[in-house]
Amino acid sequence: MNLFKQRVADLVQSALANMGAGEDAVGPVLELVEIPPDEKLGDFAVPCFAFARTLRRSPVQIAEEIVAQADRPPWLTHIKAVKGYVNVKLHRGHVAQHVLGDILRAGEAYGSREPNGRTVVIDYSSPNIAKPFSLGHIRSTVIGESLARIFAHQGYRVVRINHLGDWGTQFGRVIGGYVRWADHDRLEKEPIKELFRLYVKFHEEAEKDPALEDEARDWFRRMEEGDPVALALWRRFRELSLLELERTYARLGIRFDDYTGESAYNDVSDIIEKLRALGLLKESQGAQVVELGDDIPPCLITKSDGTTLYATRDIAAAIRRQEQYNFDLAFYVVDSRQSLHFKQVFGVLERMGYEWASGMEHIPFGTLQFGDEIMSTRKGNVIFLEDVLNEAVTRVKQIIAERNPSLKNADEVAEAVGVGAVIFNDLVHNRIKDISFQWEDVLNFDGDTGPYVQYTHARACSVLRRADEQGARPMSDGFDRLEWEDSEMRLVRLLGRFGETVDAAAKGREPSTVARYVLDLAQAFNGFYHSNRILGSERQAERLALTDAVRQVLANGLRLLAMEAPPEM
RNA sequence: GCGCCUAUAGCUCAGAGGAUAGAGCGCCGGCCUCCGGAGCCGGGUGCGCAGGUUCGAUUCCUGCUAGGCGCACCA
């Protein structure tokens, strides 16, 4: 639809020029073009209030003059001045031909852009290993993956990075717990759960006996110094955890390109040397810091005991990523509570003189809350992602058994729909808002949910399948020669907005824009479906084409959300 | 104390300066021997408060109120 939007802008622009108001006087019209609130008014509208000052006439008059001055090209059927707006209706056949033709031609690539030669590296998910993958991690994981798909669709080369939390004092605690209380049988059978138990127990005991924290710090110091005993334990924990993690990612349809974790950056002496050489490093209370001006607190580079901090490793990681991938943009899909941390990291990189630091961006998201409490791994107050996925899949299986017992691949479909429900429930929310996790929301599949969208897609597939069985063929060309009805055009217009929806999602780094769009499209199609006959109608061929276009765009949208689109469910 | 984020319908949330502010959940009432009822249609009280910018503010700015979060050796 951008094509038509541009045409409308050009039309009005040249009408204004005829009236003696060139672009230098009134500015670009394109930015003003909008979609009227009521479709009866037209496809596009240009408000004329902004021209009133320079033209020294009322908006109502200006709109009328524009209408009088404007050309009447064949793609336009109606141009009218209403209360200071210029309202334009497009030739329905031209629009349908443009939109449906594009969808048919592009298929999976509909709504995408040509490769732009730019690279974006996206750091997301990045769980602490040796802790279970809790529900708290799902936001970063699904938002990051969706952004990866959206940016790939926008023509970027995307590098998916999982910056594993495989280093740090939490391993000191796990080792501390391991040497005291390990259940070796259980460690073999349920490694993650056992390691987690040790971690939680250690944390609880340390609240009673603060000396334990010193012991944990000591274990971590030994790791950093290369102590073979500490490292062997650490390596085992890491391997066990990674196996579990990869199984979960497989369920979510995610494959990372780079699993370089924090442990790769435990030697940051070169960074520290560079900071010192640049004169950025200052000593403060025994620690080394970089000062960042009056607005934000200094960034801590090393602790007083000489060990490194998260920020230091993030700085090292950023430099390595730039060297390895030569990125234009680097996203960090991380909890909004860490925004100060990223300001500090980016600030240090800028002060180090790295121009590419301007392409670094923290993509914050709100906290997932459970009831009134924030989920805290330390307190053991967590819900495991696997449990949520399993509950959702079980619920889907029940529904399939009730309503579609003859479905083939029922288990596979239940997995796609159950997992999709969980993903969608997260992505449909604006990412910056806090989400309160409710079982009844995740396990409800009516209304604005993933299964609703998938169901609509399956329904469209079902219609097309039946048509095929009857030998009915969708129309494939010549859409411009038809008279299109209101209800059909409503769908065509919506289909035509998919590309700009993906643009907006990319620009705002906001997957929920796509989630909202697929809901709108599903809703519009279901409305159409219930009030219009497709098969057996006089308009069967064009409505089948419309159905196929809806199927395609829903599938494309779901894919950008990292969801499956099963043809039956 | 300083800083960041949030405030829209009973609840969960859309609305990135424009014409009567929209969905879903829940509640009530409907849906054709026919393409999938995880569906469709109907029913409504709302932009936290006060200023400002603008032809026009739910949207931008300032202040206030309320909630959440962060602020040196955790990540």
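Letters A, B, ... mirror the listed sequences (proteins, then strands); counts begin at 1.
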With hydrogens left out and only the distance checked, is there a donor-acceptor pair under 3.5 Å joining [X]'s side chain and the base of [N]?
X: S284(A); N: A72(B); result: yes
X: R459(A); N: C35(B); result: no
X: N87(A); N: A19(B); result: yes

Spacing of the C1' atoms in U58(B) and C13(B) (rounded, Å) |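 Per the computed distance, 15 Å lies between those C1' atoms.
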Contact class for [X] (heavy atom, under 4.0 Å): base, sugar-phosphate, or nothing?
X: L309(A); answer: sugar-phosphate
X: F445(A); answer: base
X: L340(A); answer: sugar-phosphate

When you measure from the side chain of [X], which nucleotide among [options] comes out closest?
X: Y310(A); options: A75(B), G39(B), C13(B); result: A75(B)
X: H429(A); options: G39(B), C13(B), C35(B); result: C13(B)
X: Y452(A); options: A72(B), A14(B), G39(B); result: G39(B)

Should F342(A) and Y332(A) be marked as a ring pair (Phe, Tyr, Trp, His ring centres under 6.0 Å) after you check the CA-CA gap, both sets of side-chain angles, and the distance that decides it?
-> CA-CA 9 Å; F342(A) 284 108; Y332(A) 293 82; 5.0 Å; yes
Identify the nucleotide, in any strand shown, that forms a Watson-Crick or G-U wobble pair with [N], with both distances under 3.5 Å; if there is none, say none.
N: G67(B); value: C5(B)
N: G46(B); value: none
N: U54(B); value: none
N: A38(B); value: none
N: A16(B); value: none

Stepwise salt bridge (charged side-chain N to carboxylate O under 4.0 Å, His left out) check, D468(A) with R465(A) = CA-CA 5 Å; D468(A) 192 55; R465(A) 198 164 46 240; over 6 Å; no
Check whether more than 12 heavy atoms from other residues, nucleotides or ligands sit under 6.0 Å from atom CD of E39(A), and answer yes or no.
->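 Yes - once you tally the heavy atoms of other residues, nucleotides and ligands closer than 6.0 Å, there are more than 12.
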[N] [atom2] sits how many Å from [X] [atom1], rounded?
X: E262(A); N: A75(B); atom1: CD; atom2: P; answer: 7 Å
X: L521(A); N: A23(B); atom1: CG; atom2: P; answer: 16 Å
X: D446(A); N: C13(B); atom1: CG; atom2: C1'; answer: 17 Å

Distance (rounded to the nearest 0.5 Å) between F44(A) CZ and M1(A) CE =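 It is 4.5 Å, given to the nearest 0.5 Å.
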May I ask you to check if R459(A) and Y529(A) form a cation-pi contact, with NZ or CZ under 6.0 angstrom from the six-membered ring centre and within 45° of the axis?
->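 Judged by the rule (NZ or CZ under 6.0 Å from the ring centre, within 45° of its axis), R459(A) counts as positioned above Y529(A).
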